[in-house]
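Note sheet for the following structure.
This one's a predicted model, so the numbers in the text were calculated from it and none came from an experiment.
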Amino acid sequence: MNRPAPRRATSLYAVSATCGALGALLWIRGRTAPPRVYASYLAADSYSRSAWRVWSPAVPETRLGLYLVAAGVTLALATRLLSSRRD
């Protein structure tokens, strides 16, 4: 019998889709754009040249994007397994 998905499952799917989309965008941006520094943003102070990166050097944008995509897929699979188990 096809019952509508509970609100909890719908919200978890929305969170996983958001993680996946943001992760994909970060991954694409990290693969195509040159390395960015804080001074290149409009919010940077025009009087000082700062080399502070927006993302940590330990976790570049490409890796952070992959982590978010993996988290989104994992959350979607876990939601699917748990929601089908309760039916």
Run the side-chain donor-acceptor check on residues 67-76: report pairs under 3.5 Å with partners two or more places apart or on a different chain.
from, atom 1, to, atom 2, distance (Å)
T74, OG1, A70, O, 2.7

* OG on S83 to CZ on R80, rounded to 0.5 Å -> 5.5 Å
* To do: For T62, enumerate each residue passing the side-chain contact (heavy atoms from CB on, under 4.5 Å) test, keeping only those at least two apart in sequence or located in another chain.
  =>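 Counting only residues at least two positions away or on another chain, T62 forms a side-chain contact (heavy atoms from CB on, under 4.5 Å) with W27, R31.
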